[in-house]
Amino acid sequence: MKILVTGGTGFIGSHTVVELISAGHEVEILDNLSNSKESVLDAISKLTGVSPKFYKADILDRARLTEIFSGTKYDVVIHFAGLKAVAESVEQPLKYYENNVEGTINLLNAMLNTGVNNIIFSSSATVYGDPGVTAYTEDLPTGRNIPSPYGKTKYMIEEILKDIAMSKPEFSATILRYFNPVGAHPSGFIGEDPNGRPNNLMPIIMKVAQGEYPELSIYGDDYPTSDGTCIRDYIHVVDLAKGHLAALQHIKPGISVYNLGSGKGTSVLEMVAAFEKASGKKIPYKIVGRRTGDLPEMHAIPEKAFRELGWKTELTIDDAMRDTINYLRALA
Ligand code: NAD
Ligand code: UFG
């Protein structure tokens with residue numbers, strides 16, 4: 001298939017591009033490089049032997065989108081482009097609504113105007129808000145008590161996609177709700193290398209290991225969990241990328257929603273211990289107060305993705321740590 005990948009030089013996008021090309025798909029990438037580097041394109045070429053066409057473009061630039069879509073007839077758009085820093089979205093909500101929601105509306109207009117009816121969208125477990133359970137199935141209600149403007153943009157985009165599907169029977173949107181992506185490509189060529197200060201646990205552990213930050217602040221050890229720290233469902237980014245390939249093979253008209261997670265929970269302290277075991281390095285940490293909006297515990301029930309897409313995770317936290325460390329060595 002001919003696929004446009006927005007955000008294709010980012011963390012999850014780049015790993016997905018590698019899987020798509022390796023499976024024989026024809027890929028083009030659109031990214032404004034606001035949170036990624038052009039050098040990722042060289043890494044993709046080295047890994048796959050293919051140099052995908054790259055548009056340095058912004059999804060807020062409607063004229064540019066029209067130009068790009070009038071040049072090629074895509075079968076599918078896989079839409080990763082978006083801002084994702086939760087704390088920044090609380091400080092600058094309009095930036096997030098503009099970039100994520102308006103940007104997606106622009107993209108959808110460009111698609112529909114050129115007869116492109118298939119989209120795979122990067123959503124997040126954050127759309128479930130605080131559902132009152134720790135194991136998440138796709139049929140839980142969404143949109144209630146979402147803790148950040150970032151999370152609300154994902155919910156709003158899901159609703160927009162549902163409305164389009166109601167109005168246009170041939171439209172197909174596959175909504176993939178990711179849990180916590182971690183790890184890197186086993187080659188060490190691509191991984192998570194955000195511009196600026198990261199928010200998520202793994203990139204912060206990486207910065208501590210590199211000596212850029214003196215220690216990790218753990219947000220609370222008084223939660224009602226096994227060791228008092230929060231529990232999340234960490235998923236290796238290569239497994240996640242393969243989830244997109246599986247979704248691509250099962251595109252059908254209407255809305256399809258899948259949780260992409262491992263189904264297992266791991267605490268913050270267990271993540272630190274796993275990194276220390278894999279690297280042989282101590283990660284200094286201190287316990288600080290709870291972070292607003294954090295839930296004590298969540299994990300995916302990924303059975304629907306297995307049943308309908310034949311997809312499940314294959315890699316472990318230890319694999320993710322080994323690949324992260326390998327990537328860090330390559331960066332050094
Ligand atoms: P990332 O920041 O590494 O990748 C996003 C890419 O989109 C970046 O390369 C960035 O430059 C690009 N981009 C941002 N705004 C753009 C714009 N206006 N026009 C063109 N390009 C733009 O993030 P990621 O971790 O790879 O996440 C990919 C998607 O998955 C995002 O939509 C994110 O919200 C979603 N998601 C991520 C996580 C996570 O924890 N990483 C969890 C759930 C959902
Ligand atoms: N944490 C720390 N210290 C840090 C950073 C994180 O203790 O410096 C803890 C958090 O409190 C949380 C866990 O590590 O308990 C994971 O935090 P992340 O910020 O890495 O991830 P979240 O689960 O908060 O959120 C992530 C993405 C969201 C997405 C959500 C989906 O950032 O975009 O997963 O489950 F919506």
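As the structure lists them, so they are numbered: ligands from 1, and atoms in each ligand from 1.
Taking each of Tyr213, Tyr234, Tyr219 in turn, the one with a heavy atom nearest to atom 4 (C) of ligand 2 proves to be Tyr219.
Closest protein heavy atom to atom 3 (N) of ligand 2: Ser217 O, 2.7 Å. Among protein heavy atoms, the minimum distance from atom 20 (O) of ligand 2 is reached at Leu201 N, 2.8 Å.
On a distance-only criterion, Tyr178 and ligand 1 share no N/O pair closer than 3.5 Å. Considering backbone and side-chain atoms alike, Glu192 places every N or O at 3.5 Å or more from each N or O of ligand 1. Annotation: Leu83 places no N or O atom under 3.5 Å from an N or O atom of ligand 1; distance criterion only. Between Pro181 and ligand 1, no N or O atom pair is found at a separation short of 3.5 Å. Among the atoms of Ser124, none of the N or O lies under 3.5 angstrom from an N or O of ligand 1. Among the atoms of Ala81, none of the N or O lies under 3.5 angstrom from an N or O of ligand 1. Any N or O atom pair closer than 3.5 Å counts here, and Asn180 shares at least one such pair with ligand 2.
Under a 4.0 Å criterion applied to the non-hydrogen atoms of Ala125, ligand 2 contributes the atoms 31 (C), 35 (O). In summary, the atoms of ligand 2 found under 4.0 Å from a heavy atom of Cys230, numbered by their order in the structure, are 15 (O).
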